[in-house]
Structures are given as C-alpha cells and as structure tokens.
Amino acid sequence: MRIDSIEKLEKWRKECRRTFEARKRKVIVCLGEGCLANGSEEVFNEFKKQVAEKKIADVTVESVAKTGCHGFCALGPLVIIEPDGTFYTKVGKSDVAKIVDKTLVGHELIDKLLYTDAKTGEKVADYAKIPFYARQQRISLRHCGTIDPHKITDYIAMGGYAALGKALTAMTPQQVIDEVTKSGLRGRGGAGFATGKKWATCAKVQSDIRYVICNGDEGDPGAFSDRTTMGSDPHSVLEGMIICAYAVGSHQGYIYVREEYPLAVVTLQKAIDAAREHGLLGEKILGTDLSFDIKISRGGGAFVCGESSALMRSVAGAVGEPRAKYIRSVIKGLHDRPTVLNNVETYATVPAIIERGADWFAGIGTKKSTGTKVFSLAGKIKNTGLVEVPMGITLREIIFDIGGGVPDGRKFKAVQTGGPSGGCLPESKIDLPVDFDTLTEAGSMMGSGGMVIMDDRTCMVEVARYFLSFLVSESCGKCVPCREGLYQLRELCAKVCDGEATEDDLALMERLAKTIQVGSLCGLGQSGPNPFLSTLLYFRDEYLAHIRDKKCPGGVCRKLITYSITDACTGCMACISVCPVHAITGEKKKRHVLDTNLCDRCGSCYAVCKFEAIEIS
Amino acid sequence: MVQMTINGKVVKATEGEMLLAVIRRQGIDVPALCDHAAVEPCGSCRMCLVEITREDWNGWKKYVTSCLYPSEDGLIVTTHTPELQEIRRNILDLYMARCPGSELIQKMGEEYGLTRTSFKTIPEGDNCIMCYACTRICEVLGRSAISAVRRGHAKVISGPFGDPPPDCIGCLSCAHICPTDVIEWHDQDGVRGIWGRTFDLIACQQCGKTIITRDFAEYLKEKRQIPADYFDICDDCKRVELARKMGGLVDQAKEVAS
Amino acid sequence: MMFRYTVNPALCTGCRTCELACAFTHTQEQKPGRSRIYPIAYGPDRFVPVTCLQCDDAACVKSCLFDALKRNETTGAIELDKDRCVNCRACVAACPFGCALIDDVHDEVVKCDLCGGSPACARFCPTKALVYKRIA
Amino acid sequence: MACDMAKIQEIIDRSPQTPGSLIAVLQDIQREFHYLPCEALQATAASLHVPLSKVFSVSTFYNAFSLNPRGERIIRICQGTACHIKGADLIQQQLTSGLGIKPGETSPDMKYTLEVVNCLGVCAMAPVVVVNDKIHGGVRCDKAFKLVTKD
C-alpha cells in the first residue's frame, strides 16, 4: 500500500494503533543482541508454543511480541508483561511454563524472576520504578524495546513518520534546518559538531547532487548504542535521514553499517523495503516532490572507516584511507559531491525534534550540549546496558545510581569514555557533569558514548597498552606518525608493563605522543595517544610504580606479579583443569600447589577460583 | 591570484596552487619525501607540515601538510617554528627505526641532529617509507600493477597475492620515483628484472643497445598510438640515420645546384 | 610570435662549438652532462648537426604518460619538466630521430629546450649553420 | 583448489558492474565461500574493471575478508575494551592451547578457525565469543573450550 498523502498516513496510523493496542495483555520478549546471546529466541518460541496450547482468554499467540533491545542487557533475557509492566529478568526457557501459568493465567508475580533493588534489597515488579529506567529520559531510544523493529506498523502506531509529514507539508527546507539549528543538536558521533550548521553548509553548496550518509560504523570498542538503534528502531533512523534529505536537497542516501553488525543490516534492509513499499522512500515521498532513496553499504571491518573521509572512500568501494580534510566533506564528500554525514543517534533524534520542537529539545541538557545522550555501560559495572540521560548529568549518577556501581565489592578506579580516541577518568573526576566540552577538557571525550568501567584490579598502564594495540591493528597505515608512531608508543608502553622501562622512556613517550597528535593525518592518529596521555595524567604513579618499583598496583602485568595458592584452597581442582601450562598440581580435597617457575601468570586460576584461594603479589 | 604571507614575506600565488610549490618557489627548503610532481599529493610523510593562521583567526593556528593545502588569500604561513622542527625530527626518528639502511633517511636525520634512532629498530623493517610514490605513479601510468597490501604497521607494497605483478610492464617508473631507492631491478643480457618478473628489452636492430622493455613499447603503441617500428632502433643509431638522410638530401641538393 | 630553428648542414664544418655551448649552458657543474646537439659525420668532412626538430605531432610528447613534455608556446620548444619526469625513457625510445637523450653522467633524460628562447648552439655557431629567428 | 566459477560469476553479476561495487561483491563472495578464492578476485577485477592489485589491496585491508579457506566452525573472540577488562585474554589463551591454533589460523582438519575481532558491540555481555554467528555472552575461561567444541 502506497501512502501518498498526509491524510492517508494519519488514516493508516489509526489502523496501526488499533492493531497495536488491540492486544490488551502482551508478553514482550527482548530480542536484542544481548538477550539473544543469552537465549531469548528460545524463550520467545517457547512462549508462542505455550500460549497457543493453553488458550488463555486475554492472551493470544499474537500477544507474544518481540522487540529490539531494551537496554538492560545485564539481566537478559528480559520479558515484560504489559499493561502492568511486570519485568522479569534472566528468563530461561524452563521459566516460561511457570510464567504462563502463574502470571498470565493466575495474575501472580514470580518473585524469583523479579528485579532486586541493589540498595534496598527489595523486589521491584514494575520496570518503570527500577532505578536503571527511572533515571533515564529516552529520546533517541524512545521506541527501543517497545516496538517490533520488523514491523513498520508498530512504528507508525507509535507516531512514526509524523515528523516527516510535518516537515514535508508544513515546513520549508530552510525551516527544517533552522529548527535543527535552534535545537542545539550536536553530532552524536563524537566530535559534537553542530548538526544544523552542517546541514546549512551542505544546502548552500552549488551542486546538482548531494548525499546524505548515516554513519553506522560504531567502531569504538565499548559502545553499542548505534547497533541497538539500528536493530531495534530502524525507522527512526530512516525518518531522520529523509528529513535531512528534504532539508539539504538530496536524492540518495547511504547507511554505512559495520560488518560486525549483521543483524542490524537485516533489520535496516527490511525497514527500507517496507518504507519503500509504503511510499516513504523512493519517488514522490508522501505524494510530495521529494524523491529520496537509501542504500545500505556494509563496512569491511576497519575501525578507521568511522572517520568520515575514509568512510566515504569505503562507500565508493575503495580502501578506507582518510584524506586530508582541507576541503570539508560537507562541501566535497562522497564522489566529490556535498555530503551530510551524521551518526545513527543524531538521525534518530531528528524526528523527535521536528515533532516536538526545537525549544523542547533545547530545554533538556545543558546550554551548550542540549538534549540527551545514550551511553553504553560495560566493564566492571553491575547494570551493563544502554542508558539515555540528559546531558549534564554527572558520571557518578550514571555509574552508581543508574549503573549500580562496581560489582563484587571492588573499588571503582576509572571510567574509560570515548573509545580509543577518548581517555580514562579517575574517581576525582566522577562528579563531572557529562557533556561534549567538559569531557574534552578533562582529557577524554564523548565519542560515541561508550563507558567502560574499571575496578581496582585494572592496571592503567596495561589499559593504555591495550588501546595502543587496538589502534596499531586498526591504523590504516597511510601516514607515518600513526603507522610508526603508535607502534613505537605501544612498544614503549609494553616495556613499562614488563617493568623494563626507564623514566627516560616515559619522557620519550610523551614527546612521541605529542608528535602523533599534531602530525597525524586523520582523527584516528591525532587522538590515538589520548588513552596513554589521560592515563599518564591521572595515574602517573602507576607508571612510576612499574618503572621505579617494578610493581603493578593493579596486579595485572604478568612480569611483575606472582600467583600463589593460600589456605583457603578446598582442593576443587578447578584451577588445575584450567591452567594452560600445567603449573598447578594436587589432588581432590587437598590443597593444591602452584609452581611459580612454570606459571606464566595468565590469571586463569584466579578467574575460576570460587574460594578466593589464589593470591596475587 | 591570491596574496599570502610566507615566513613574513608577502608572496603572490595562483589560487588553489599547493602551498609547498609556492614555498619552494621562494627558495625555502621544506622537506618532503612523498611529494612528486607527476603524482597527486597524498600527505603520507608529514615532513612538509607548516603552520598556518589568518588575521581573523585571533591567534588560532593549525598545522597542515603544505603539499595538500591550496593557496588562499590572506593565509599566513610559517615553515620553520621550533615545534615544526621538533615534529620533523621525531618523524625522522621514527623513519630511522623503520629504515635503518636508507642513506637518504640517515642523511636527513643527521640534518636534524639525529645520529641514531631513539626507538626500537624494527626487525622486519626495510627501506620502504611507505610513501606510495610507486603505486601512485603506476596508477597514473594506467597499470596499477602494484598496490599497498594489508594495513597499518603491517602494510607493504606488493603485487597481487604477493606474486610478481601480472600487470607490470617493466617500465621502472616505480623504481626511479622511489625516494629511498628500495625497489630492486637489473638489466642484464637483454633482460630486465623487477618485482620478481623478467622482461625482454628491445635490442636496437643495428647496435644492440637496449632502452625499454617490449611490454612497455607494446603498451605505448596501444595507449598512445606510437608506431611499432619507432622502437626498433636505439636513439644513437636513429641520430646517425637522421644525419645520413639529411646529408644525403644536402648532397643531392648540391648536385642539383651544380 | 613564432620562431623557427633551422639547420643547414651544408654550412656545418663539424667544429663542435654547438656541442660545447650546449653542454656548458645546461650544466654548470664540473662534469658536463651530454649535449643535446651532435654534429654527426655522414661522410668525410661532411656533418649534420643533429638536434631536436620540435616536431608538430611529436612522438616524445605522445609517449610521455606523465605529461612531463610540453610545448612552450613562446619559444616553440618542447620542454621537459624535470619535476614530472620519472626517467622511464619512453620518449627516448619513441623519438624517431633519437633526439630525446639519456644523459649518461647524471643518468637522466635530457632534451633540447632551445635554451628558453635563445639557443646557445645557434648563438655560437660560427658558420650560421644553425639559425634561430623570429618568423612572425 | 577447484572453484565454482559459475557461482562466483553469478554473485558478481548481481551487483552493478562498476568499481563502486567492489566491497559489496567481495562481501557476497566471502559470505558464500567463507573466504575469497584467488580466482574470485581475478573474476571480480575483470568484471568490475578494477585493477587486480586494487582488488587485492581492498581484500587485505578489511578484516572482514579472508584469503585463506576457513574452517567449518569460525570462532571469533571479541577483544573490545569491555571484553578485555573482563578477561578475553584468558579465553584466547584457553582456546589457542585447546585448539592448537593461533588467532588467524585454521586447524589442519579444517574444523576450526580462530579469529580475534575488535569489538562486536555486545559489550554488555562481555566477555563474548561468537561461534558461526551465534553470540555467547559472559563466557568463562574454563568453559570456553567446551563451548566452542560442543556440537
């Protein structure tokens, strides 16, 4: 069915809403990657089977719905029973029968599956009351976890494409640009460039062809919000892109999705096909003069392709090497045409701004960083997952109030933000309000919103070495400071980890880091030394401990630690079976012995010991 | 025409002309390793970084590779600040670790006071500075026989599959353009060897002197419509032949006149 | 403006002044490179000063894949842009008259450029066998 | 190695025969064969009018491509930051010693290929191991070998 006018769109919406709301009681199973990894597909199928068999009055097979990622990945697979908002966590296939019998038929709660508030120890039934959700304000993620990403009707029912209709019929392209400018929206991809300004520049360049590209190459390790948005609410990305195309006068768009996200590609393709079928993409969108289509361009597994000029070369089928950006891509981008490149979260936010107005959006967040930002919480934190919060919220609120703090009773040490281009912030910076500018001032950056939390068992020098290794393997190799410089910096960092470095080496590292920052061709190289520089800034004592005392305070660096087995050993044999170099010997129920000469200090025994009988010194 | 300031001196340049060319025209020596007039600039060696600013930038300045930055009105360019010299020195330091055997790099390093690298010499390093001059010239030539393979620190220049490149015609452009002379080749007994391949050299039908390979001649014939027989004789013999022909005409004219 | 460079072998005595003048003009170094002009004997005491004819449809220009050879519209000479030349020698092989040359001393391609409009060979030729003059 | 040339050509013909299709074509071939056979690169170069050297360059630049045949079971260990912090190295060590192959290698019996990837975006479930596109979260190092070898 082609929707060729606003009237038809609204009529269709009524139908969609009726179907969407028809099922009074619903069982929603999260099928985001996190829950999928824990077996949520089996749970979903089991629900369908059980519900069909048991014939419950107000719950039909159609009432069992799947959604994209709900954000609270730590507790997946997640199941929500609407309209009560009953929130079941870690649901296994074997739990399904009980849920059907007790909750769906008997309207009872199953305590075991409910969320336990970490502070009070109480069970919380309604997910809206869980701190993880209660503190969030979802704009970009507004539909994630509530709609089936494969159903355009779900999106329409939730008010989808209304913003596009509004833009196309009630606004001129200039008014759209003005609205986005007024909202203060800044690019969510990392650098935080003003989106409205970018669109305005592109629209002004004389050209018959302009391109709109969505950067879905979320390469920062530790960030996964774009994957979620593309996979759980693809239409809001499309809608944002179409609005942008209207504003700047483009007929062709591309979504560049990284190779590592196969599910997102499938979901996006389905969404594009559905939008095309309904006249929301292609010729004469919604019966207006706007013609615009979107193609998916799959990445090839190269972090550097997140850099705009490399990305555009990759879209054109070439090696993703960046070029010096003295002519900005917004003027001369893909195929040398003016090109608007924004990231997934930015586009997904646009429809909300058009619909609810720039003032509403600008009223959220801080003055210079308006709106909300999605953060991916991972690492040593209880509530791993995705959260969307207003800009200006402190790191403490995100990590401790929403994220639940560090697990296993360990101490918070640092939070890494912004991926390999960002930095590590220590506890002294934890009350920093999070926005584009404060993070940069503190020596880190927003990046794509990844936050990896580290506890006191982390060695910051080793973390720097890890990031440098990442960058060495991801550098395109075009320019010397990045190709040779990061390699040498990594080697020097490894030398520190091995306890073989001197203070002169540290000075050399600082000198080299500066040259890499200033001398590199693209952003990857220029920001490459950040993880090293920020750890040095806040954890210089750890570097010095490695150098002067030959000690690794985090107990990580292999050459500087030894493992031993204490009296707490119960003789469970777990460490013996896991030791790759067979350095541990012993019998069942007898204290095991570790041969330090054989031990290569990998830490496998420490990781598997349930009795804290492995000691690091 | 645009007007810029380079190291305090007002200079004129064509709009869009790359800064490096303008700077060099002033007799200022800015080092560059990957730059060559026959290929598009690529900005990989970073040696030609200069500092630019403008009156209206309020003291803000930035570093750009002059080989890639087009001239524009009002630009204020500085080529040799202590910071820039430090960057160049560190880059050469890195090169010295990678290319311990390169005379050029060694010599340039010495100019910046480096006798040996501060870094760990790379065991698998050769004298290739990965400037892409060879692959770029091969592309201009229309062959693209060689390319950069893999990425990052593991990047090397090679033929497809690491094999002798099938599209190579043995023209030596890559070997000649290479700033560190790392591409090995030899002409011996009428045969040229390069990139693991051998090519027949065309021997002059009169004296046997060789100039280019048969494959290169074929390519020129096809791409630029040069008649095949032009390549049969060497330049020396062609000149002698020309002298003989012209002389013959002169003699004929003389006979006619007398 | 148009110029023409003419060679009249009948007047050439084979004195080789042109060769010296050429080599000196183009290389001020200690070891002079090869000249771009050669008086070649085609019989006893008979010489032709062979040099580039600056052909209209020149094979050297056509053969250069890097646009290093371009005609100077003022002087009429086909000039070699040394910055662009990579020494592939396509022009040397292609010139039907053998007048794109290899300078053996410096191992590079050289070619007559009419000294930028005042060819030394013509200036120094004692017999006027070589003449460079304006024709229009 | 014998190659299904007809299949390769069919895959190439699905995309527009322009240089811009290069990456897409290589991805389609890789998906079909799990690696890029040498003949496929040659056919791609010829059909899309791209020099073979460039096809090779692209296929070695991107991590997604493999030029060697890969095993029946492709095991990918995520080495993203979160996975690293949560002990991905230990998993890697268990799998390399267990399978007897290093990352990037395939076992001689063509059963397993071990690869390391820089973040799969499932950081919340760290550490993550992917076996033939099935994501496994919260992998424990002592269970890793069993996980990837079980049927």
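In this text the structure is predicted, and so the values were computed from the model without any measurement. Per chain, numbering begins at 1; letters A, B, ... match sequence-line order.
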J.: Could you state the interatomic distance from CD1 (A/Ile516) to CD1 (B/Ile91), rounded to the nearest 0.5 Å?
T.: 10.0 Å
J.: Distance from B/Thr121 atom OG1 to A/Gln488 atom CD, nearest 0.5 Å?
T.: 8.0 Å
J.: Write down the atom of B/Gly43, the atom of A/Cys479, and the distance for their closest heavy-atom approach.
T.: O-CB, 4.3 Å
J.: NZ/B/Lys120 to NZ/A/Lys495 distance, rounded to the nearest 0.5 angstrom?
T.: 9.0 Å
J.: Are more than 12 heavy atoms from other residues, nucleotides or ligands located less than 6.0 Å from atom CZ of B/Arg116?
T.: no
J.: What part of A/Leu486 gets closer than 4.5 Å to chain B, counting heavy atoms only: side chain, backbone, both or neither?
T.: neither
J.: Less than 3.5 Å apart, any donor N or O on the side chain of A/Tyr326 or B/Glu72 sitting next to an acceptor on the other?
T.: no
J.: To the nearest 0.5 Å, how far apart are SG in B/Cys99 and CD in A/Glu484?
T.: 7.0 Å
J.: Between A/Cys482, A/Ser475, A/Ala302, which has the largest tally of heavy atom pairs under 4.5 Å with chain B?
T.: A/Ser475
J.: Taking side chain as everything from C-beta outward and backbone as N, CA, C, O, which of these in B/Arg88 sits under 4.5 Å from a heavy atom of chain A? Side chain, backbone, both or neither.
T.: neither
J.: If you take all heavy atoms of A/Lys478 and B/Tyr132, which pair is closest and at what distance?
T.: CA-OH, 3.4 Å
J.: What distance do A/Leu521 atom CG and B/Arg46 atom CZ have between them, rounded to the nearest 0.5 Å?
T.: 4.0 Å
J.: Please report the interatomic distance OH(B/Tyr63) to OG(A/Ser520), rounded to the nearest 0.5 Å.
T.: 14.0 Å
J.: For B/Glu103, does the CD atom have more than 12 heavy-atom neighbours from other residues, nucleotides or ligands under 6.0 Å away?
T.: no
J.: Take a 6.0 Å sphere around CD of B/Glu40 and say whether it holds more than 12 heavy atoms from other residues, nucleotides or ligands.
T.: no
J.: So which of A/Glu474, A/Arg511, A/Glu321 has the largest heavy-atom pair count under 4.5 angstrom toward chain B?
T.: A/Arg511
J.: Among B/Leu49, B/Asp93, B/Ile122, B/Leu84, which residue forms the greatest number of heavy-atom pairs with chain A at distances under 4.5 Å?
T.: B/Ile122
J.: Give a yes or no on this: more than 12 heavy atoms of other residues, nucleotides or ligands lie within 6.0 Å of atom NZ of A/Lys550.
T.: yes
